[in-house]
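Please read the structure below before turning to the comments.
Just the heavy atoms: all of them, side chains too, but no hydrogens, waters or symmetry mates, feed the values below. Keep in mind it's a predicted model, so treat the numbers as computed, not measured.
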Amino acid sequence: MKNTTVAYGTPAKILHWVLAALLIGQSVLGLYFADMPRGDDKTELLRLHASFGLLILAFMFVRLGVRASGARVEPVAGTPAMLKKVAHAAHLALYALTFLVIGAGIFTLLTVGWNVDFFGMTVIPTWFERDMDLHHLFEDIHVYGWYVLAGLVGLHLVGVIYHTHILKDGTLKRMM
């Protein structure tokens, strides 16, 4: 059930794929409503986006707990040392950027005086006065952080393709 040095446990695998699906869905939703004119439809989608952001945040904390509770899965034997370092740095960056993008999204809402709702239940009440300068700062961090995160996800997928089709080392099978 827990991670071993050679394989990911079921909780890690489930969290990986659920988070992948949620992050893709969030990206599609965010891109969809980004250029919509202001109004009730955009506000509803934005609140839904915030709710899913909080859900992802909760799953990320669970994922960190799962990761900490099991053994560290080692790279497949024979993986070049430089590739191990790049993969480790990329995974840490994926975690850090996910937290940064979600945190900036939360503060984007709080700084315009909105409470951050979780599917209709207020979870985080705002303690900010409306501050559009701060709002725009957090909005920029949220948006540009997402671009960097999306680029890292692309790099992650390139790594999967490299391991699967070039090295043929079974790395992907450990997460399936």
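Of the N and O atoms on the side chains of T126 and W114, not one donor lies less than 3.5 Å from an acceptor on the other residue.
Few gaps surround CE on M121; more than 12 heavy atoms of other groups in view lie less than 6.0 Å from it. Surrounding OH of Y32 are at most 12 heavy atoms belonging to other residues, nucleotides or ligands under 6.0 Å away. For CE of M82, the number of neighbouring non-hydrogen atoms (other residues, nucleotides, ligands) closer than 6.0 Å is 12 at most. Residue K84 qualifies as enclosed at atom NZ: its count of foreign heavy atoms under 6.0 Å is above 12. Surrounding CZ of F119 are more than 12 heavy atoms belonging to other residues, nucleotides or ligands, all under 6.0 Å away. Counting non-hydrogen atoms of neighbouring residues, nucleotides and ligands closer than 6.0 angstrom, the CZ atom of F128 exceeds 12 such neighbours.
Of the inter-residue distances, the one linking T10 atom OG1 with L15 atom CG reads 11.0 Å to the nearest 0.5 angstrom. One finds the CG atom of L109 at 5.5 Å from the CG atom of L46 (value rounded to the nearest 0.5 Å). Atom CG of L45 and atom CG of D40 lie 11.0 Å apart (nearest 0.5 Å).
Looking at every heavy atom in both residues, N3 comes nearest to G9 through OD1-N, 2.7 Å. V76 approaches T171 most closely through the heavy-atom pair CG2-OG1, 3.4 Å. Across every non-hydrogen atom of Y8 and R174, the tightest pair is CD1-O, 3.5 Å. The two residues A104 and I141 make their nearest non-hydrogen contact at CB-CG2, 3.6 Å. Of all heavy-atom pairs spanning D117 and R47, the tightest one is OD2-NH1, 3.2 Å. Heavy-atom minimum distance, V116 versus A50: CG1-CB, 4.3 Å.
Listed for the K42 side chain is no donor-acceptor partner under 3.5 Å among the backbone atoms of P37. Panel note: side chain T4, backbone A7; a donor-acceptor pair is recorded below 3.5 Å. Side-chain atoms of S27 come within 3.5 Å of backbone atoms of L23 as a donor-acceptor pair (strictly under, hydrogens ignored).
Using a 4.5 Å cut-off on side-chain heavy atoms (C-beta onward), I102 and T98 make contact. L55 has its side chain within reach of L22: a pair of non-hydrogen atoms, C-beta onward, lies under 4.5 Å apart. Annotation: side chain of I106 is in contact with side chain of L54 (closest heavy-atom distance under 4.5 Å). When side chains are defined from C-beta on, I14 does not count as touching F59, because their heavy atoms never get closer than 4.5 Å. Looking at T5 and R72, their side chains never come closer than 4.5 Å, going by heavy atoms from C-beta outward. Between H135 and M132 the shortest side-chain heavy-atom distance falls below 4.5 Å.
Hydrophobic cluster membership differs between Y162 and L94, with clusters built from Ile, Leu, Val, Met, Phe, Trp and Tyr side chains linked at under 4.5 angstrom. A continuous path of ILVMFWY side-chain contacts below 4.5 Å connects V148 to L57, so both sit in one hydrophobic cluster. Side-chain heavy atoms closer than 4.5 Å link hydrophobic residues (I, L, V, M, F, W, Y) into clusters, and following such links, possibly through other members, connects L64 to L152. Hydrophobic clustering places V18 together with Y95 (ILVMFWY residues linked when any side-chain heavy atoms are closer than 4.5 Å, directly or through intermediates). Taken together through direct or relayed side-chain contacts under 4.5 Å among Ile, Leu, Val, Met, Phe, Trp and Tyr, V6 and V66 form parts of separate hydrophobic clusters.
Between H156 and H16, the ring planes lie tilted relative to each other; the angle falls in the 30° to 60° range. Ring geometry for F99 versus F61: interplanar angle of 30 to 60°, hence tilted.
When L83, L172, V158 are each tested for a side chain to side chain contact (heavy atoms under 4.5 Å, CB included) with H163, only one passes: L83.
Note: F33 and H49 meet the aromatic proximity criterion, with ring centroids under 6.0 Å apart.
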message = Please determine whether side chain to side chain contact (heavy atoms under 4.5 Å, CB included) holds for the pair T111 and R130, giving the CA-CA distance in whole Å, both sets of side-chain angles, and the decisive distance to 0.1 Å.
response = CA-CA 5 Å; T111 53; R130 187 176 177 92; over 6 Å; no
ask   = Can I56 and M60 be said to form a side chain to side chain contact (heavy atoms under 4.5 Å, CB included), step by step?
value = CA-CA 6 Å; I56 291 168; M60 286 297 294; 4.1 Å; yes
task = Apply the test side chain to side chain contact (heavy atoms under 4.5 Å, CB included) to residues I166 and I161: give CA-CA distance (whole Å), side-chain angles for both, the deciding distance (0.1 Å), then the verdict.
result = CA-CA 7 Å; I166 306 295; I161 292 166; 6.0 Å; no
inquiry  = What verdict does the side chain to side chain contact (heavy atoms under 4.5 Å, CB included) test give for F107 and L137, after you've listed the backbone C-alpha separation in whole Å, the side-chain angles of each residue and the deciding distance to 0.1 Å?
reply    = CA-CA 9 Å; F107 280 99; L137 172 66; over 6 Å; no
